Amino acid sequence: MIPLKRSFFDRKTDIVAREILGKIIVKKENNISLFGKIVETEAYLGEDDPAAHAFAGRTKRTEVLYGLPGHAYVFRLRAYYCLNIVAESENSPGCVLIRALEPLEGFDLMVKRRGVDKKDLVNLCNGPGKLCQAFNINLNHYGCDLTNSDSELFIIENENERIEIITTPRIGISKATDWNQRYIIKSNPYISKYKF
DNA sequence: CTTACGATTCCC
DNA sequence: GGAATCGTAAGG
């Protein structure tokens with residue numbers, strides 16, 4: 001399992017948000033690992049993006065956004081957590097929100113943590129808060145290096161898969177609602193919800 | 001210290 | 001439609 005290189009994330013945020021679709025998130029647990037394919041993302045473009053946390057500038061919470069790309073930016077939202085990946089070079093605080101995963105391995109643990117029916121696989125990771133609950137991602141993973149296979153959390157390549165990508169406005173925000181910075185894999189049943 | 005506020009989810 | 005829920009940031 002070779003993780004994606006840091007150079008993959010050292011590009012424009014919207015490019016990273018698009019290119020990371022189809023890649024696989026790995027979460028190492030005590031005895032097993034959880035796997036999930038990234039099927040939906042959103043790009044938050046930095047200090048000039050009214051909807052981005054970095055719009056308010058550098059704070060303790062957004063500090064990691066200003067560091068090297070390829071690290072995890074996790075934040076608390078209401079009763080849940082959200083996972084982002086830092087993009088662009090140092091001092092350029094763009095990030096990609098992971099909004100949905102297609103569960104690949106570790107179903108039992110995900111079902112248990114989410115408290116859903118055993119057959120309801122669609123509802124395990126089809127939302128930014130849901131996937132963090134299923135994968136048990138929290139503030140302990142703030143700053144985690146996702147390009148290092150020794151990390152508890154990292155991202156690997158997914159060979160030879162042809163995917164079609166759709167862009168839509170971002171979801172659940174009140175500013176810059178007309179920016180098409182949401183990226184989803186067309187016809188994938190594990191995305192959160194359509195909104196055009 | 002106090003207050004306001006969410007890149008959400010679930011239930012009515 | 002409305003509530004749960006808690007870390008963060010800003011202001012006194």
Side-chain angles (χ1 to χ4, degrees), chain A residues 9 12-18 20-21 25 36 38-67 69 71-88 92-103 109-144 146 153 155 166-185 189-196:
Chain A
F9 303 100
K12 284 293 189 186
T13 305
D14 55 329
I15 301 294
V16 176
R18 176 183 288 272
I20 205 168
L21 288 174
I25 289 188
I38 298 171
V39 297
E40 174 180 345
T41 62
E42 280 177 3
Y44 287 87
L45 305 182
E47 293 184 338
D48 297 325
D49 179 353
H53 289 166
F55 186 71
R58 196 169 184 150
T59 65
K60 190 178 180 190
R61 179 175 68 157
T62 60
E63 186 66 30
V64 73
L65 297 175
Y66 291 81
H71 289 261
Y73 169 49
V74 182
F75 67 90
R76 173 96 192 190
L77 176 61
R78 306 257 182 205
Y80 298 87
Y81 297 97
C82 291
L83 170 67
N84 296 252
I85 304 167
V86 178
E88 306 197 15
S92 188
C95 64
V96 175
L97 171 69
I98 307 300
R99 282 197 57 90
L101 301 174
E102 176 179 335
L109 209 44
M110 296 187 208
V111 166
K112 186 178 159 198
R113 286 172 177 162
R114 289 277 302 126
V116 299
D117 188 275
K118 221 176 180 64
K119 308 194 77 169
D120 194 10
L121 301 182
V122 162
N123 271 307
L124 291 179
C125 301
N126 61 337
K130 294 180 184 180
L131 70 92
C132 283
Q133 191 176 26
F135 275 64
N136 192 25
I137 293 167
N138 52 58
L139 294 181
N140 293 330
H141 302 98
Y142 181 93
C144 184
L146 304 176
L153 199 62
I155 302 175
I166 294 177
T167 64
T168 84
R170 295 173 291 189
I171 287 187
I173 56 172
S174 55
K175 297 165 189 164
T177 52
D178 57 336
W179 294 20
N180 283 317
Q181 289 298 343
R182 176 176 178 235
Y183 300 85
I184 59 185
I185 294 183
Y190 297 93
I191 64 171
S192 60
K193 50 184 173 183
Y194 284 100
K195 188 178 175 188
F196 294 97

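Values in this document were obtained by computation on a predicted structure and should not be read as measured data. Letters A, B, ... mirror the listed sequences (proteins, then strands); counts begin at 1.
- Closest approach of F55(A) to D49(A), counting heavy atoms only: CB-O, 3.2 Å.
- Using a 4.0 Å cutoff to heavy atoms of chain A, the contacted part of DNA chain B runs 5' to 3' from dG6(B) to dC10(B).
- Listed by residue number, G127(A), P128(A), G129(A), K130(A) are the residues of residues 122-141 of chain A with a heavy-atom contact under 4.0 Å to DNA chain B.
- Considering only residues two or more places apart in sequence or on other chains, T177(A) meets the side-chain hydrogen bond (donor to acceptor under 3.5 Å, both in side chains) condition with none of them.
- I173(A) and Y44(A) make their closest contact through CG2-OH, 3.7 Å (heavy atoms, listed as atom of the first residue, atom of the second, distance).
- Remark: Y44(A), A51(A) in residues 39-52 of chain A come within less than 4.0 Å of DNA chain B through at least one heavy atom.
- Qualifying side-chain hydrogen bond (donor to acceptor under 3.5 Å, both in side chains) partners for Y80(A), counting only residues two or more places apart in sequence or in other chains: none.
- Between L21(A) and V39(A), the shortest heavy-atom contact is CD2-C, 3.5 Å.
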Go through it in stages, so that I can follow the logic: the residues are Q181(A) and L45(A), the test is side-chain contact (heavy atoms from CB on, under 4.5 Å), and I'd like the CA-CA distance, side-chain angles, deciding distance and then a yes or no. CA-CA 9 Å; Q181(A) 289 298 343; L45(A) 305 182; 3.9 Å; yes

Could you list the donor-acceptor pairs under 3.5 angstrom formed between side-chain atoms of residues 125-134 of chain A and any protein atom two or more places apart in sequence or on another chain?
{"unit_1": "N126(A)", "atom_1": "OD1", "unit_2": "K130(A)", "atom_2": "NZ", "d": "3.1"}
{"unit_1": "N126(A)", "atom_1": "ND2", "unit_2": "V122(A)", "atom_2": "O", "d": "3.4"}
{"unit_1": "N126(A)", "atom_1": "ND2", "unit_2": "N123(A)", "atom_2": "OD1", "d": "3.4"}
{"unit_1": "K130(A)", "atom_1": "NZ", "unit_2": "N123(A)", "atom_2": "OD1", "d": "3.3"}
{"unit_1": "Q133(A)", "atom_1": "OE1", "unit_2": "R114(A)", "atom_2": "NH1", "d": "2.7"}

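- Between the side chains of Y183(A) and R18(A), no donor N or O sits under 3.5 Å from an acceptor N or O.
- Taking both residues in full, the closest heavy atoms of Y190(A) and L121(A) are given as CE2-O, 3.9 Å, listed atom of the first, atom of the second, then distance.
- In this structure E47(A) satisfies the side-chain hydrogen bond (donor to acceptor under 3.5 Å, both in side chains) test together with Y66(A), sequence neighbours excluded.
- Residues meeting the side chain to side chain contact (heavy atoms under 4.5 Å, CB included) test with D117(A), sequence neighbours left out: K119(A), D120(A).
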Where do I85(A) and L146(A) land on the side-chain contact (heavy atoms from CB on, under 4.5 Å) test, with the steps shown first? CA-CA 8 Å; I85(A) 304 167; L146(A) 304 176; 3.7 Å; yes

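- In this structure, G46(A) and A54(A) approach most closely via the heavy-atom pair C-CB, 3.9 Å.
- Across all their heavy atoms, V86(A) and F9(A) have their closest contact at O-CB, 3.9 Å.
- Proximity of residues 73-81 of chain A to DNA chain C (heavy atom under 4.0 angstrom from any strand atom) is restricted to R76(A), R78(A), A79(A).
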Base-pair string, DNA chain C, Watson-Crick plus G-U, cut-off 3.5 Å on both distances, | for inter-strand, is ||||.||||||.

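- Read 5' to 3', the first and last nucleotides of DNA chain C with an atom closer than 4.0 Å to a heavy atom of chain A are dA4(C) to dA9(C).
- Remark: E102(A) engages K37(A) in a salt bridge (charged side-chain N to carboxylate O under 4.0 Å, His left out) (not counting sequence neighbours).
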Determine, step by step, whether E42(A) and R170(A) satisfy the salt bridge (charged side-chain N to carboxylate O under 4.0 Å, His left out) criterion, reporting the C-alpha distance in whole Å, the side-chain angles of both residues, the deciding distance to 0.1 Å, and the verdict. CA-CA 7 Å; E42(A) 280 177 3; R170(A) 295 173 291 189; 5.5 Å; no

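- Looking only at atom types and distance, the side chain of H53(A) has a donor-acceptor partner in the side chain of Y73(A) under 3.5 Å away.
- When each of S174(A) and V116(A) is assigned the nucleotide of DNA chain B with its nearest heavy atom, S174(A) is the one assigned upstream, toward the 5' end.
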